[in-house]
Amino acid sequence: MKISTLPLPLTALCLLCALSLLGQNHSAAITVAKDGSGDYTSIQEAIQSAKAYPYEVITIYIKKGIYTEKVHIPAWNPSIHLIGESRDSTIIRFGDYFGGINKGRNSTFMTATLQIDASDITCRHLTIDNSAGPVGQAIALYISGDRCLVEDCKILGYQDTFFATGENTRALVRNCFISGTTDFIFGDATTVFMNCQIHCLSDSYITAASTNRGQPYGLVFKDCEVTAAPGVHHVLLGRTWRRHAKTVWLNTVLGDFIAPAGWDNWRDSTNNKSAFYAEYNSSGKGANPKGRVPWAHQLSTTQAAAFNLGNIFNAGLPPGSTNAWRP
């Protein structure tokens, strides 16, 4: 039997080409390390090496260290898991802010330290920090991809720390610490915060929802605790960035710095009829159902039961829908 009919030099060339193609295979497990012990020293470089639209999850392990870079996961890189070695010691940090970007009235949305535009992204054991300080709008984490899970992370900033956007965007933020000053959790996406600590750094507003008209759910907080820095005395749970804003707090522990009124209509009384702001079973010194603005809601047990993950993330989807999400 003939081994090859090709001349030896051509056979060798074909072998080299085959080895080259093998070398182009994209790994499903990538390690990032500041000290050079991984595949990359930069998180963004690791993302750029990932296969577009993969059939499998691509896990990027990030060793301890401070990674001073803006990180972007574009739409063509879904199914990436960013897994840090330690929430307190694996830090993504950058300091862009509105005035520093200075690209017009929408500069806020260009400031994110970590921007996720892809779907099916998971972030675990990370600190995501916008280090600009109290200088105006400065996003730490921006999510526009669907079915994103953020778990055991610290999300740090001042004004506009966390932003999730998109009429069909669903995100779950679980067991996280989020800090900020004004409107530091905002956007129009359907976002659930479970077992999170929400930490207020100034007298201001926690949320600014911009929920789309007809969207069943907006920002939902379940089993969270709201804390504050020393000297903070007057915080409201939210204000209506857009007229159909929806924000609901369920089983939340509220400190005494929460203002009795609870909510603000952004100086527009027409928002009182179109927005949906509600609480259920709030506790702590800041729980004051009788003192809340008259247009806010206190949910019954039956009404609160509807705010489960299955309903929130799959409202309006037919049974068996391939777009269903049950994280």
Side-chain angles (χ1 to χ4, degrees), residues 70-73 82 84 87 91-98 107-117 121-166 169-202 204-211 217-222 224-229 235-239 241-242 245-249 252 312:
K70 282 174 75 78
V71 177
H72 178 216
I73 306 179
L82 293 183
R87 181 174 91 161
I91 301 167
I92 308 171
R93 175 175 290 160
F94 210 78
D96 270 349
Y97 62 99
F98 185 99
S107 294
T108 299
F109 308 106
M110 307 174 198
T111 63
T113 298
L114 172 58
Q115 179 168 337
I116 299 172
D117 292 327
I121 302 300
T122 293
C123 298
R124 284 195 181 99
H125 317 318
L126 299 168
T127 289
I128 304 159
D129 179 20
N130 189 312
S131 58
V135 292
Q137 299 96 316
I139 297 172
L141 178 58
Y142 173 129
I143 296 174
S144 68
D146 190 22
R147 299 183 300 273
C148 288
L149 171 63
V150 182
E151 191 166 41
D152 187 36
C153 289
K154 292 171 73 175
I155 307 166
L156 309 179
Y158 285 82
Q159 185 172 349
D160 294 356
T161 304
F162 176 98
F163 175 57
T165 184
T169 293
R170 295 166 291 180
L172 174 59
V173 182
R174 185 162 56 197
N175 300 325
C176 289
F177 176 95
I178 306 171
S179 66
T181 55
T182 299
D183 305 335
F184 64 96
I185 298 174
F186 72 117
D188 62 310
T190 299
T191 310
V192 177
F193 302 84
M194 292 184 67
N195 301 305
C196 292
Q197 181 180 351
I198 312 300
H199 191 62
C200 306
L201 299 177
S202 72
S204 198
Y205 311 91
I206 298 174
T207 66
S210 55
T211 318
Y217 299 95
L219 305 177
V220 179
F221 297 81
K222 295 170 65 71
C224 293
E225 181 180 9
V226 181
T227 57
V235 174
L236 288 104
L237 298 172
R239 60 175 176 167
W241 180 19
R242 304 291 289 171
K246 287 186 172 75
T247 303
V248 176
W249 297 81
T252 307
I312 294 169

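Side chains are part of it too, since the values below use all heavy atoms of this structure and drop only hydrogens, waters and symmetry mates. On a predicted model such as this, the values are computed, not experimentally measured, just so you know.
- Among residue pairs with one or both ends in residues 135-144, those qualifying as side chain to side chain donor-acceptor pair (under 3.5 Å) are D117-S144; sequence neighbours excluded.
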(message) For E225 and T252: C-alpha separation, side-chain torsions, deciding distance, then whether side-chain hydrogen bond (donor to acceptor under 3.5 Å, both in side chains) applies.
(response) CA-CA 6 Å; E225 181 180 9; T252 307; over 6 Å; no
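- Side-chain atoms of T182 and Q159, non-hydrogen and from C-beta on, do get closer than 4.5 Å to each other.
- Counting only heavy atoms from C-beta outward, the side chains of N130 and F94 never approach each other to under 4.5 Å.
- In this structure, CZ on R93 lies 15.0 Å from NZ on K70, to the nearest 0.5 angstrom.
- Of all heavy-atom pairs between T247 and A209, the closest is OG1-CB, 3.5 Å.
- Evaluated for a side chain to side chain contact (heavy atoms under 4.5 Å, CB included) with L82, the options V150, T122, I128, L126 yield exactly one hit, L126.
- In this structure, W249 and F221 have parallel ring planes: the angle between them is below the 30° cut-off, well short of the 60° mark.
- Within the 4.5 Å cutoff, no side-chain heavy atoms of I206 are placed close to those of L236.
- The OG1 atom of T227 sits 8.5 Å away from the CD1 atom of I198 when rounded to the nearest 0.5 Å.
- In summary, of the residues considered (I178, L149, I185, V192), a side chain to side chain contact (heavy atoms under 4.5 Å, CB included) with V173 occurs for I178 alone.
- Here I92 contributes atom CD1 and T127 contributes atom OG1; the two are 9.0 Å apart, rounded to the nearest 0.5 Å.
- When all heavy atoms of C123 and C153 are compared, the closest pair comes out as O-SG, 3.7 Å.
- The backbone N or O of G187 sits nowhere less than 3.5 Å from a side-chain atom of T165 that would complete a donor-acceptor pair.
- Of all non-hydrogen atoms in D96 and A138, the two that sit nearest each other are O-CB, 3.5 Å.
- Contact record, L219 with A189: CD2-O, 4.2 Å, taken as the closest heavy-atom pair.
- With hydrogens and angles left out, the side-chain atoms of T169 and D146 include no donor and acceptor closer than 3.5 Å.
- Looking at D188 and R242, no side-chain N of the basic residue comes within less than 4.0 Å of a carboxylate O on the acidic one, giving no salt bridge.
- Taking all atoms of both residues into account, the shortest heavy-atom contact from T161 to L156 is CG2-C, 3.7 Å.
- Distance check: E151 CD to H125 NE2 gives 7.5 Å after rounding to the nearest 0.5 Å.
- In this structure, T113 contributes its side chain and D129 its backbone to a donor-acceptor pair below 3.5 Å.
- In this structure, L201 and Y158 have side chains that are in contact, with non-hydrogen atoms separated by less than 4.5 Å.
- The two atoms that bring I139 and F186 nearest to each other are CD1-CZ, 4.1 Å, heavy atoms only.
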(request) Test ring pair (Phe, Tyr, Trp, His ring centres under 6.0 Å) on F162 and F193 and set out the steps. (result) CA-CA 12 Å; F162 176 98; F193 302 84; 5.4 Å; yes
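- Annotation: side chain of C200 is in contact with side chain of V226 (closest heavy-atom distance under 4.5 Å).
- Rounding to the nearest 0.5 angstrom, the gap separating the CZ atom in R174 from the NZ atom in K222 is 12.0 Å.
- Rounding to the nearest 0.5 Å places CD1 of I155 at 9.0 Å from OG of S179.
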(message) Evaluate D152 against R87 for side-chain contact (heavy atoms from CB on, under 4.5 Å), listing each step before the verdict.
(response) CA-CA 7 Å; D152 187 36; R87 181 174 91 161; 3.3 Å; yes
